[in-house]
K.L.:
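Please find one structure pasted underneath; my questions will follow.
Throughout, a chain's letter reflects where its sequence line sits, starting with A, and its residues are numbered from 1. For clarity, every value in this text was computed on a predicted model and none was experimentally measured.
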Amino acid sequence: MYDAPSTTKEAVVTDVKIQANDVQVYYADNHAIKDVSVAIQDKTVTAFIGPSGCGKSTFLRCLNRMNDTIDICRVHGKIEIDGEDIYDKRVDPVQLRAKVGMVFQKPNPFPKSIYDNIAYGPRIHGMARNKAELDEIVERALRRGAIWDEVKDRLNAPGTGLSGGQQQRLCIARAVATEPEVLLMDEPCSALDPIATAQVEELIDELRQNYAVVIVTHSMQQAARVSQRTAFFHLGHLVEYDDTSKIFTNPEDSRTESYITGRIG
Amino acid sequence: MPLFWLFLIVLAIAAGAYLLARSRVLSMAGDDRRALHSLPSYYGSNAAMKSAVPALLLLVAWLLAQPFIVDNAVSSLIPDAAIADNSSRALVMAEVRRTADGLDMAVASGGLTEALARSEGLDLDVATSSLQEAGAIVTSQLTEPVLAAAQQFRALNTIGARWMSVAVIIVALIGATWGIREASPAFRARNTVERGVRALLIAAASIAILTTLGIVLSLVFNTIEFFRLYPASEFFFGLSWAPSFSGRGGASDLGILPLLWGTFYISIVALLVAVPVGLFAAIYLSEYASPKVRAIAKPLLEVLAGIPTIVYGLFALLTVGPLLVRVFGDDGLGWMQAGTAVMTAGLVMGIMLIPFVSSLSDDIINAVPQAMRDGSYGLGATQSETIRQVVLPAALPGIVGAILLAASRAIGETMIVVLGAGAAARLSLNPFEAMTTVTAKIVSQLTGDADFASPEALVAFALGMTLFVITLGLNIFALYIVRKYREQYE
Ligand SMILES: Nc1ncnc2c1ncn2[C@@H]1O[C@H](COP(=O)(O)OP(=O)(O)OP(=O)(O)O)[C@@H](O)[C@H]1O
Ligand SMILES: [Mg+2]
C-alpha cells in the first residue's frame with residue numbers, strides 16, 4: 001500500500017478502514033458537523049451516540065457521499081477509505097456506495113415485491129449469473145436480516161405492505177445483499193421488538209467478522225452490547241471516541257458522562 | 001322592483017339580523033363571554049344565514065317557475081281559431097312574447113304610456129306602429145288575440161314580480177326573527193353554522209353533478225330521436241360516411257366507423273409524439289435540471305398549453321403540412337398527395353399535448369419521496385437506474401393517469417383536425433392520407449342550414465354520445481389501472 005516509515009505505523013494504517021480528518025458539514029448556513037476527525041477500524045463495530053440533532057446521521061451520510069444528493073449540503077475536509085480520498089474528483093460516488101452500504105433511519109422499501117427489493121442491488125451489480133443464484137442471494141440476505149421466516153411464503157407481495165419493523169429488517173437485508181465492505185446503519189433497530197433486535201445484533205456481530213460496521217443508536221445498552229468502539233457526538237462536535245468499555249465505564253469528558261447517565265440529551 | 005334592489009334588501013336584512021343576534025346574545029351573557037356556547041359572531045352568522053338563504057332560494061325558485069306558469073296561463077287564453085294552419089301554438093306564443101317585449105320597449109321609449117299599453121282599448125294599428133317606432137321586431141300587422149294575450153302576459157308578469165318581492169322580503173324577515181330569537185347563550189350556534197357550511201358545499205357539488213346529468217340527458221334524448229330515423233346497426237357498423245346535405249331526399253350513409261378510425265389514428269400518432277417527449281422532458285426537469293434551468297424551462301413548456309388550438313391548426317396547415325409534402329410528397333418519396341393528412345394533424349396535436357403530459361408527470365415524479373431515491377443511490381445505483389427502476393414505477397399510476405388525460409384531449413380535439421387532417425371520412429391505413437374525426441364531423445353536421453329534425457343533423461348527437469361513452473370508458477379504465485397498481489404497492 002504505502003511506504004510506511006515504521007512497522008507500528010503500518011499496522012495502524014492497515015487496521016483503519018475509514019480515516020476522517022477535520023470534516024465540516026454545512027446545510028446552507030447551518031454548521032452541522034464541526035472539525036470531526038475519526039479513524040474507523042476494519043472488522044469492528046463502531047457506535048455513534050449522541051443527543052437528537054447532534055449530527056450523527058449527517059456524519060454517517062458523509063461516509064458514502066449520500067450528502068451529494070442534498071443540494072444545500074457542503075462537505076469540507078478529508079475522508080479516506082482504504083487510503084483513498086472519497087471526495088476526490090476521480091472517485092465515482094456510485095461505485096463508492098456499492099462498497100459502503102447504508103441502512104437509513106427511516107425504512108424506505110421500494111414499491112416492488114419483497115424479492116425485487118432484495119434483488120435490486122445484486123441485479124444492478126451483476127452479482128448473479130442466473131435465477132438460481134439470485135434466489136440464493138435473496139434467501140441468504142433475508143435470513144441474515146432475520147426476516148426470512150416471516151416472508152418466505154410471500155416473496156412476491158409488495159415490500160411496502162410489511163409492518164414498520166419488518167420493513168426495517170427488509171432494508172437491512174437489502175443492504176446486506178450487495179455484500180458491502182462497510183455497512184452504515186442509522187438506528188436500524190428503532191422500530192424492532194426485543195427478539196428482532198437481538199437477531200439484528202447477532203447479524204451485526206456476524207458482519208464484523210468480515211466488514212466494518214458503523215451503527216447509530218439511541219440505546220446505550222445496544223451500543224454497549226454490539227460495539228467495540230464508541231463515538232459520542234454533541235452539537236456537531238465529536239466529543240469523545242474510544243473503546244466502548246472505556247466510554248461506558250470511565251469517560252474522559254464530563255459531557256459524555258452526563259449523556260450516558262441520562263443527564264443531557 | 002328591480003331584482004338587484006330586492007337582492008340588496010335581503011342582504012341588508014341579513015346584515016341587520018347578524019348585528020342584532022350578536023348584540024342580543026352578548027347582552028344576555030352579560031360580561032362573561034365564557035358563558036356563551038359559541039363565539040358571538042357564530043350567533044350573528046346563524047341569524048344572517050337563516051334570513052338570507054331561504055329568501056334567496058325562494059327568489060331563485062320563483063324566477064325559474066314564473067315564466068312557465070305565465071306561459072301556460074296565457075297560452076290557454078289563445079283560442080284555437082287564432083292559430084293558423086301552418087303554425088303552431090308554440091309559434092304563436094313566441095309572437096306573444098315578442099309583442100310583450102315590444103310593448104315594454106315602446107313604454108320605455110315613450111311611444112306609449114303605461115296606462116295605454118295596459119288598456120283594453122289599445123288600437124291595433126297604433127300598437128303596431130308604436131312598436132315599430134320603438135324598434136321592436138314585429139314582422140307584420142298584429143292580430144287581436146295576440147295583442148290581448150301580450151297584454152295579459154305583461155300584466156301577469158308584473159303581478160308575479162310584485163308578489164315575488166313581497167314573499168321574498170317576508171321570508172327574509174321571518175328567518176331573521178327566528179335566528180335572532182334563537183340567539184341565547186345555550187344555543188349551539190357554532191354547530192348550526194357548521195351544518196350550514198356543509199349544506200353549501202354539498203349544493204356546489206350537486207350543481208356540477210346535475211349539470212353533467214343534464215348534458216347527458218340532452219344527448220340521450222336526441223340520440224334516441226336519431227335512432228328512430230336511422231337504423232342503429234348501420235350507424236355503428238356502416239363503413240361509409242356520406243351524408244346528403246341538401247336534405248332533398250337521397251339516402252345518407254351515416255356510418256361512424258370511418259370517423260372513429262380517423263379519431264383513433266390521429267390520436268395514436270399524437271400520443272406517440274407526446275408521451276415519450278413529454279415524459280422525457282418531465283424526467284429531465286424533475287431529476288436532472290438545476291433549479292435555475294427548471295425555473296425557466298418549466299414555465300416555457302407550460303406556455304405551450306396556453307396556445308389556442310386554432311393557432312396549432314394554422315401551424316399544421318401552413319408549416320407542418322407543406323413541410324411533410326416536401327419530404328413525403330410527389331417530389332420526395334411520393335406517399336403523400338396534399339398537406340392535410342393524419343400525419344400532419346397527429347404531429348401537431350402531439351406537440352400540443354406535450355405540456356399536458358410533461359407538467360402532470362413532473363408533478364407526480366416530484367411527489368415520489370426522496371427516501372426512495374436515497375435507498376437506491378445507497379445501494380450503488382446510478383441516476384438513470386434509479387429513475388427507471390424506482391422512481392418511474394412508483395410514479396406509474398399518476399403517469400398513466402396523465403397519459404389517459406392526454407388521450408381524452410386528443411380524442412376531443414377539433415380545430416387541429418379540421419385544419420390539419422382534412423374533411424374526408426376514409427378508412428385507410430396510410431397515415432399520409434387525409435382523414436377526419438368524430439368531432440370535426442359533429443361541427444360540420446350542425447353548422448349547415450340543415451333541418452334540425454333531420455337525421456343528418458341529429459347524427460351529431462349520436463356521434464357526441466359515442467365520443468362521450470368512449471372517453472368515459474377511458475377514464476374508468478384509467479381509474480381501474482391506478483387502483484390495481486395502488487393495491488399492489490401501497
Ligand atoms: N436535509 C437537511 N437539510 C437541512 N438541514 C439538515 C438536513 N438534515 C439534517 N439537517 C440539520 O443538521 C443537524 C444534524 O442533523 P442529523 O440528522 O445529522 O441529526 P441526528 O444526530 O441524526 O439526529 P437524530 O438522532 O434525531 O436522528 C440538525 O440541526 C438538522 O437540522
Ligand atoms: Mg439521525
K.L.:
Look at atom CD of A:Glu136 and say whether more than 12 heavy atoms of other residues, nucleotides or ligands are closer to it than 6.0 Å.
P.N.:
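It does not: A:Glu136 CD has 12 such atoms or fewer within range.
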K.L.:
Other residues, nucleotides and ligands only: do more than 12 of their heavy atoms fall within 6.0 Å of CD on A:Glu206?
P.N.:
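Atom CD in A:Glu206 is packed in, count exceeds 12.
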K.L.:
Would you mind checking which part of B:Gln383 comes under 4.5 Å of any heavy atom in chain A, side chain (CB onward), backbone (N, CA, C, O), both or neither?
P.N.:
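Contact with chain A involves no heavy atom of B:Gln383 at all.
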K.L.:
Keeping A:Lys112 on the side-chain end and B:Val390 on the backbone end, is there a donor-acceptor pair under 3.5 Å?
P.N.:
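No: the side chain of A:Lys112 does not pair with the backbone of B:Val390.
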K.L.:
Does any backbone or side-chain atom of A:Pro109 lie under 4.5 Å from a heavy atom of chain B? Answer side chain, backbone, both or neither.
P.N.:
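Answer is backbone: N, CA, C or O of A:Pro109 sit under 4.5 Å from chain B.
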K.L.:
If you count heavy atoms of other groups shown closer than 6.0 angstrom to CZ of B:Phe280, is the number above 12?
P.N.:
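Counting other residues, nucleotides and ligands, CZ of B:Phe280 stays at 12 neighbours or fewer.
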K.L.:
Is any side-chain heavy atom of B:Asp374 closer than 4.5 Å to one of A:Arg61?
P.N.:
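Yes, close enough: below the 4.5 Å cut-off.
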K.L.:
So does A:Lys99 have more than 12 non-hydrogen atoms from other groups sitting under 6.0 Å from NZ?
P.N.:
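Yes - once you tally the heavy atoms of other residues, nucleotides and ligands closer than 6.0 Å, there are more than 12.
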K.L.:
Is the shortest heavy-atom distance from the side chain of B:Gln370 to the side chain of A:Thr69 under 4.5 Å?
P.N.:
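Yes; the side chains approach each other to less than 4.5 Å.
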K.L.:
Does B:Arg294, at its CZ atom, have more than 12 non-hydrogen atoms belonging to other residues, nucleotides or ligands within less than 6.0 Å?
P.N.:
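Enclosed: over 12 neighbouring heavy atoms sit under 6.0 Å from CZ of B:Arg294.
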K.L.:
Report the distance from atom OH of B:Tyr377 to atom CZ of A:Arg97, rounding to the nearest 0.5 Å.
P.N.:
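One gets 8.0 Å once the value is rounded to the nearest 0.5 Å.
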K.L.:
For A:Arg74, is the CZ atom crowded, meaning more than 12 foreign heavy atoms sit under 6.0 Å from it?
P.N.:
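Check passes, neighbour count above 12.
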K.L.:
Any non-hydrogen side-chain atom of B:Leu379 less than 4.5 Å from a side-chain atom of A:Phe110?
P.N.:
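Yes, at least one pair of side-chain atoms sits under 4.5 Å.
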K.L.:
Taking side chain as everything from C-beta outward and backbone as N, CA, C, O, which of these in B:Ser290 sits under 4.5 Å from a heavy atom of chain A? Side chain, backbone, both or neither.
P.N.:
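Neither; nothing under 4.5 Å.
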K.L.:
Which atoms of A:Val100 come close to chain B, meaning under 4.5 Å heavy atom to heavy atom: side chain ones, backbone ones, both, or neither?
P.N.:
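Looking at A:Val100, just its backbone touches chain B.
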K.L.:
Under the 3.5 angstrom rule, does the side chain of A:Asn108 hit a backbone N or O of B:Ala371 as a donor-acceptor pair?
P.N.:
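At least one qualifying donor-acceptor pair exists.
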K.L.:
Should we say atom NZ of A:Lys152 is surrounded by more than 12 heavy atoms from elsewhere, each under 6.0 Å from it?
P.N.:
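Enclosed.
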